[in-house]
Amino acid sequence: MPELPEVETVRRQLEPLIRGRRISGFELAPGAERLLRGASAAELRDQLRDRRFERVDRRGKYLGLQLDDGRCCVVHLRMTGALHFRRSDHPEERFTRAVFQLADDHQLRFVDIRKFGTIDVVDQMADALPKLGPEPLSDEFDVAALWDALRGRTIALKAALLDQRSVAGIGNIYADEALFLARLHPEVPAGALRARERIALHAAIQTVLEEGVAHGGASFRDYTDTAGKAGEQQYYVRVFRRTEQPCDECNTPIRRTIVGGRATHWCPRCQHPRQKTRNLPHQSRPRSP
DNA sequence: CGTTACCTGAAA
DNA sequence: TTTCAGGTAACG
């Protein structure tokens, strides 16, 4: 479920909530062992007990909960994971898979219907991360960095955007949205972009991710923030899950196809391969739920 | 490189 | 009943 904007929303909310709080216990729900990538719940409990949270970092879709002994609890929410911060007496959510008990009668709960999420405690956050591309909202992400990731690749552009080694944090929603904003067909070979197309795509990626963060992430299905609340970005999307609805720009029905194994939503007119006129779309407006 | 598996529930 | 789901890792 969560992509960069959703994970960043959680990071921003979580940091002030847990900073300085002492961990008094850690419990894993029965059947949730696979969240722990090797370690046992008992080992994690030993590593976490009496530590305090100092800071919450994010790299791509990974969260790093920094501990006061210099170690790091790295969490990935995958498809349906959420981190809820609750008072201990708040009724436990269905599908709660792990609970960080905090000393002041609060809990950080890892709630995850499908159990795809992961929790890892390591010396350094980087130790738990695979090879990741640049952070798209940082200074290191310029047009050259984007082109470095795409140059020479023959796979569909959309598939390249979903590859976390290209740019970290883009997922299915924001890939479709960025391609629409940049007026690019999802199946053009990634390495075939012309200079102006790279510039447009770079800008579009930053625009859609910033917009997602500004709206607290997108809740199409399961995503909830640290208070269990939905985001608003789903009301602002231009193509994602708008199959057969008219394109904001040209009224052509949005098409849904499969690219890189994932549902892909695009405007066959605005995103025609090698489109000549490329007027940038105007500011999006909220639509009714 | 594309496809499948992982898991569970909601929607069709 | 079947299909689909915002992500990745492990296949072939």
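Proteins get letters first, then strands, A, B, ... in listed order; numbering begins at 1 in each.
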side-chain hydrogen bond (donor to acceptor under 3.5 Å, both in side chains) partners for Glu27(A), two or more places apart: none
Residue-level proximity of residues 151-162 of chain A to DNA chain C when a heavy atom falls under 4.0 Å: none
Which residues share a side-chain contact (heavy atoms from CB on, under 4.5 Å) with Leu129(A), sequence neighbours left out: Arg59(A), Tyr62(A), Val74(A), Met125(A), Leu132(A)
Residues, nucleotides or ligands: over 12 heavy atoms within 6.0 Å of Glu92(A) CD: yes
Touch class at under 4.0 angstrom, heavy-atom based, for Gly171(A) against every strand present: sugar-phosphate
Anything under 3.5 Å between a donor and an acceptor, one on a side chain of residues 155-164 of chain A, the other on a protein residue two or more places apart or in another chain? List them.
| unit_1 | atom_1 | unit_2 | atom_2 | d |
| --- | --- | --- | --- | --- |
| Lys158(A) | NZ | Asn172(A) | OD1 | 2.5 |
| Lys158(A) | NZ | Asp176(A) | OD1 | 2.7 |
| Lys158(A) | NZ | Ala263(A) | O | 3.1 |
| Lys158(A) | NZ | Thr264(A) | OG1 | 3.0 |
| Asp163(A) | OD1 | Arg165(A) | N | 2.9 |
| Asp163(A) | OD1 | Arg165(A) | NE | 3.1 |
| Asp163(A) | OD2 | Arg153(A) | NH2 | 2.9 |
| Asp163(A) | OD2 | Arg165(A) | NE | 3.4 |
| Asp163(A) | OD2 | Arg165(A) | NH2 | 3.0 |
| Gln164(A) | OE1 | Gly169(A) | N | 2.8 |
| Gln164(A) | NE2 | Leu162(A) | O | 3.1 |
| Gln164(A) | NE2 | Ile170(A) | O | 2.8 |

Neighbour count above 12 (heavy atom, 6.0 Å) for Asp139(A) CG: no
Are there any protein N/O atoms within less than 3.5 Å of an N/O atom in nucleotides 2-5 of chain C, and if so, which ones and at what distance?
| unit_1 | atom_1 | unit_2 | atom_2 | d |
| --- | --- | --- | --- | --- |
| dA5(C) | OP1 | Arg256(A) | NH2 | 2.7 |
| dA5(C) | OP2 | Arg256(A) | NH2 | 3.4 |
| dA5(C) | O3' | Arg241(A) | NH2 | 3.4 |
| dA5(C) | N3 | Arg114(A) | NH1 | 3.2 |

Pro268(A): side-chain contact (heavy atoms from CB on, under 4.5 Å) partners, not counting sequence neighbours: Thr252(A), Arg255(A), Trp266(A)
Under the side-chain contact (heavy atoms from CB on, under 4.5 Å) test, residues paired with Ile199(A) that sit two or more places apart: Val143(A)
For Arg34(A), all residues meeting salt bridge (charged side-chain N to carboxylate O under 4.0 Å, His left out), sequence neighbours excluded: none
Stem list, DNA chain B (Watson-Crick or G-U pairing under 3.5 Å, at least 3 consecutive pairs): B:1-6 with C:7-12, B:8-12 with C:1-5
Shortest non-hydrogen separation from Gly231(A) to Ser219(A) and the atoms involved: N-OG, 2.7 Å
With Arg21(A) via side-chain contact (heavy atoms from CB on, under 4.5 Å) - residues at least two apart: Phe85(A), Leu102(A), Asp104(A), His106(A)
Integer angstrom distance from the P of dG9(B) to that of dT8(C): 23 Å
Selection residues 109-149 of chain A - residue pairs positive for ring pair (Phe, Tyr, Trp, His ring centres under 6.0 Å), sequence neighbours left out: Phe141(A)-His202(A)
Span of DNA chain B in contact with chain A (heavy atoms, under 4.0 Å): dC1(B) to dA10(B)
Nearest-angstrom distance from the residue atom CD1 of Ile113(A) to P of dG7(C): 15 Å
N/O (side chain, His76(A)) to phosphate O (OP1/OP2, dT8(C)) under 4.0 Å: yes
Ring-ring centroid check Tyr174(A) Phe240(A), cutoff 6.0 Å: no
Nucleotide dG7(C), atom C1' - distance to CG of Asp163(A) in whole Å: 12 Å
N or O in side chain of Gln164(A) less than 4.0 angstrom from dT8(C) OP1/OP2: yes
Plane angle bin for His215(A) and Tyr236(A) - parallel if under 30°, tilted between 30 and 60°, otherwise perpendicular: parallel
Touch class at under 4.0 angstrom, heavy-atom based, for Tyr174(A) against every strand present: nothing
Length of the line joining Lys61(A):NZ and dG7(C):P, which is rounded to integer Å: 4 Å
